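Everything below concerns the one structure shown next.
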Amino acid sequence: MLVLGIETSCDETGFAIYDSERGLLAHCLYSQVALHAEYGGVVPELASRDHVRKILPMFNQVLAEAGITKQALDGIAYTAGPGLMGALMVGGSMATALGFTLDIPVVGVHHMEGHLLAPMLEDKPPEFPFVALLVSGGHTQLVSVKGIGDYQLLGESLDDAAGEAFDKTAKMLDLDYPGGPVLAKLAENGNLNRFDFPRPMTDKPGLDFSFSGLKTHTRNLIEKHRGDDVLPDQQTTYDICAGFQEAVVDTLSIKCKRALKQTNMKRLVIAGGVSANKRLRHKLEAELTQFDAQVFYARHEFCTDNGAMIAYAGCQRLLAGERSELSLSVTPRWPLQSLSSI
């Protein structure tokens with residue numbers, strides 16, 4: 001089955017062609033980072049308009065790269081949520097219009113299921129069952145995964161997601177947008193042990209997260225060392241970045257080990273934008289090896305939002321017989337555990 005994947009949930013326009021027999025044939029991605037940098041965050045109306053501007057050229061590009069025509073497609077998958085309403089509607093409108101025109105099935109895909117299944121695109125994908133850590137700008141969740149659609153929420157952030165905490169801390173430090181990756185890069189030059197940072201909720205049972213207290217602690221630390229509205233030297237910025245990142249990584253690692261022990265599983269998948277963080281990958285690989293467990297993740301280009309993960313997830317659901325109505329339907333808020341099992 002040859003499936004087109006369309007991703008327009010936020011500030012990336014992604015397309016991909018996935019074949020159920022041959023795998024990923026082509027993918028392309030356009031990021032709106034430069035557009036939103038002036039505002040220090042995503043402006044929903046501008047995001048929607050930019051998706052409209054890029055969506056047809058990118059559709060033609062991915063078809064050309066795959067060496068096929070649109071008539072060769074057997075199905076279309078698009079991100080139906082969660083995400084920004086206007087942005088979701090751009091991709092959904094194109095998907096339903098193409099489905100109607102070509103008389104082929106269309107399926108709306110859950111954005112976070114796409115992330116969760118992105119490691120399946122790798123040469124050595126994880127086998128079910130596994131525990132998934134979904135960690136991005138909008139989500140921090142631990143999920144027990146027994147199969148596609150068979151998800152049990154084990155724990156989640158009670159306030160800021162990990163990626164959101166990265167971005168907000170970067171803003172406190174006046175770092176360039178997008179702040180999270182910039183903070184992680186600066187942390188490589190920092191001293192992990194210069195400042196003490198809390199590991200929130202790790203001294204309590206359970207698998208929920210909270211990063212708002214860590215964010216407040218970091219703000220107070222910055223204000224304590226800031227004079228004339230600037231930190232005393234660049235090394236202090238590096239050290240704050242390193243200490244903050246290590247606190248987040250430690251917290252995620254502790255909760256992951258706890259989740260594996262609770263579920264008696266030996267495989268962990270990390271997915272979402274923050275799964276590209278090098279320190280997080282290193283920490284989990286080192287600690288879970290001692291725990292006799294394996295860690296799986298997607299290549300960096302498939303950690304952030306992309307069309308390939310949507311094409312793969314949609315293909316699995318289309319093969320299982322799922323179909324969406326050709327009337328446009330998007331869901332900005334959509335619990336992962338509400339999905340049907342296939």
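Since this is a predicted model, take the numbers as computed values, not measurements.
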CE of M94 to CE of M89, rounded to nearest 0.5 Å, is 15.5 Å
Which of E287, K283, R199 passes side-chain hydrogen bond (donor to acceptor under 3.5 Å, both in side chains) with S253? Answer is E287
Distance col, row D208:CG vs L154:CG, nearest 0.5 angstrom, shows 10.0 Å
When the ring planes of F15 and F59 are compared, do they come out parallel, tilted or perpendicular, using 30° and 60° as the limits?
tilted
d(S9 OG, I310 CD1) to nearest 0.5 Å is 7.5 Å
If you measure from the Lys or Arg side-chain nitrogens to the Asp or Glu carboxylate oxygens, is any gap between E164 and K168 under 4.0 Å?
yes
message: Would you say that more than 12 heavy atoms from the other residues, nucleotides or ligands in this model lie under 6.0 Å from the CG of D233, or not?
response: yes
message: Counting only heavy atoms from other residues, nucleotides and ligands, does the tally under 6.0 Å from CD of E325 exceed 12?
response: no
Task: Exercise: do D159 and S212 side chains pair donor with acceptor under 3.5 Å - done: yes
Subject >> R219 and T169: side chain donor to acceptor below 3.5 Å >> reply: no
- request: Assess K257 against F291: is NZ or CZ under 6.0 Å from the centre of the six-membered ring, and within 45 degrees of the ring's axis?
  value: no
Heavy-atom count check: over 12 atoms from other residues, nucleotides or ligands less than 6.0 Å from K146 NZ? no
* Kindly work out whether a path of hydrophobic side-chain contacts (I/L/V/M/F/W/Y, heavy atoms less than 4.5 Å apart) joins L4 to I68. => yes
Ignoring hydrogens and geometry, is there a side-chain-to-backbone donor-acceptor pair from R281 to S275 under 3.5 Å? yes
Centre-to-centre under 6.0 Å for F166 and F244, is that the case here? yes
Flag the pair H111 / Y78 as yes when their ring centroid distance falls below 6.0 Å, and as no otherwise. no
Q.
Please tell me whether T13 and H51 have a donor and an acceptor in their side chains that are separated by less than 3.5 angstrom.
A. yes
- Applying side-chain hydrogen bond (donor to acceptor under 3.5 Å, both in side chains), run through Q245 and N277 and close with a yes or a no. CA-CA 10 Å; Q245 176 177 254; N277 183 282; 2.9 Å; yes
| said: Does E322 form a side-chain hydrogen bond (donor to acceptor under 3.5 Å, both in side chains) with S340? I'd like the steps, not just the answer. | reply: CA-CA 10 Å; E322 284 197 18; S340 60; 2.9 Å; yes
- Item | Any donor-acceptor N or O pair under 3.5 Å, side chains Y30, R53 | yes
Item to complete: Treat each ILVMFWY residue as a node, draw an edge where side-chain heavy atoms are under 4.5 Å apart, and state whether I6 and L2 are in one component.
Response: yes
ask   = Looking at F296, does the NZ or CZ of R267 lie under 6.0 angstrom from its six-membered ring centre and within 45 degrees of the ring axis?
value = no
**Request:** Ignoring hydrogens and angles, state whether a donor on the side chain of Q235 or T237 is under 3.5 Å from an acceptor on the partner side chain.
**Result:** no
Open item on the list: Please determine whether residues L280 and L260 belong to a single hydrophobic cluster, defined as Ile, Leu, Val, Met, Phe, Trp and Tyr linked transitively by side-chain heavy-atom distances below 4.5 Å.
Closed with: yes
After noting the C-alpha distance and the side-chain angles of H139 and E156, does the key distance pass the side chain to side chain contact (heavy atoms under 4.5 Å, CB included) rule? CA-CA 8 Å; H139 298 80; E156 62 184 337; over 6 Å; no
Taking only Lys NZ, Arg NE, NH1 and NH2, and the carboxylate oxygens of Asp or Glu, determine whether E45 and R49 approach each other closer than 4.0 Å. yes
To the nearest 0.5 Å, atom CG of L134 lies from atom CD1 of I270 at 11.0 Å
Can a side-chain donor-acceptor contact be found between T263 and Q152 if the only test is distance below 3.5 angstrom? no
Checking T79 side chain against G81 main chain: does a donor-acceptor pair fall under 3.5 Å? no
| field | Residues F197, H217; criterion ring-ring contact (aromatic ring centres under 6.0 Å, His included); working and verdict | value | CA-CA 7 Å; F197 287 83; H217 175 90; 5.4 Å; yes
message = Is it the case that the side chains of Y297 and E285 hold a donor-acceptor pair, with the cut-off being a distance below 3.5 Å and no angle test?
response = yes
With the threshold set at 4.0 Å, does a side-chain nitrogen-carboxylate oxygen contact exist between R279 and E188?
no
Got a sec: does the CG of D103 have more than 12 other heavy atoms crowding it under 6.0 Å?
no
Output for pair (Y151 OH, S144 OG), nearest 0.5 Å, gives 11.0 Å
Run the ring-ring contact (aromatic ring centres under 6.0 Å, His included) test on F302 and H27 for me, step by step, so that the C-alpha distance in whole Å, both residues' side-chain angles and the decisive distance to 0.1 Å come before the verdict. CA-CA 10 Å; F302 295 152; H27 67 96; 4.9 Å; yes
Linking I/L/V/M/F/W/Y whenever any side-chain heavy atoms sit under 4.5 Å apart, do L207 and M265 land together? yes
Notebook entry, point to check: Would the number of heavy atoms belonging to other residues, nucleotides or ligands and lying under 6.0 Å from CE of M201 be above 12?
Noted result: yes
Is the number of heavy atoms from other residues, nucleotides or ligands within 6.0 Å of CZ (F100) greater than 12?
-> no
Worksheet item: Could you go step by step and tell me if R258 and T202 meet the side-chain hydrogen bond (donor to acceptor under 3.5 Å, both in side chains) rule?
Response: CA-CA 10 Å; R258 193 177 292 177; T202 56; over 6 Å; no
In this structure, SG of C315 is separated from CG of L117 (nearest 0.5 Å) by 11.5 Å
Query raised in the report: Going only through I, L, V, M, F, W and Y residues with side-chain contacts under 4.5 Å, is there a path from I148 to V269?
Result: yes
